[in-house]
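Structure first, then comments.
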Amino acid sequence: MQEGRPGIIVNFLIRALVGMALVFFVNEFISSRGIDVGVGINAVTFLTSGTLGIPGVALLYGIVFYQIL
């Protein structure tokens, strides 16, 4: 069981880093279109994208867009 632990941590870190990169590039794309909405890059975003992956990033953007309605 202990041999699987590093795999879980590496998987979390890869998902978190990909999620943070996705947040950065989506924020840049949205701001280039003139829309003043973006998800912040912080610990909560890191944990959400690491835990939930790309659907977690979509959830963060859904929350932000819901707030501007």
Any donor-acceptor pair under 3.5 Å from T45 side chain to G40 backbone
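Yes.
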Could you tell me whether the side chain of S49 and the main chain of F46 form a donor-acceptor pair under 3.5 Å?
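Such a contact is found between S49 side chain and F46 backbone.
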Would you compute the distance between atom [atom1] of [X] and atom [atom2] of [Y] and round it to the nearest 0.5 angstrom?
X   : Y   : atom1 : atom2 : answer
L60 : T48 : CG    : OG1   : 5.0 Å
D36 : I68 : CG    : CD1   : 9.5 Å
R15 : L52 : CZ    : CG    : 8.0 Å
L22 : L17 : CG    : CG    : 12.5 Å

Side chain to side chain contact (heavy atoms under 4.5 Å, CB included) assessment of V39 paired with F65:
CA-CA 10 Å; V39 172; F65 280 113; over 6 Å; no
Same cluster for [X] and [Y] if Ile/Leu/Val/Met/Phe/Trp/Tyr side chains link at under 4.5 Å?
X   : Y   : answer
I63 : V57 : no
F24 : V26 : yes
I9  : F12 : yes

Name of the residue among N42, I41, V18 meeting side-chain contact (heavy atoms from CB on, under 4.5 Å) with V23:
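The side-chain contact (heavy atoms from CB on, under 4.5 Å) with V23 is passed solely by I41 among N42, I41, V18.
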Would Y61 and I30 count as a side chain to side chain contact (heavy atoms under 4.5 Å, CB included) here? Give the steps.
CA-CA 11 Å; Y61 277 101; I30 289 174; 3.9 Å; yes
Are there more than 12 heavy atoms of other residues, nucleotides or ligands under 6.0 Å from atom CD1 of I35?
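Enclosed.
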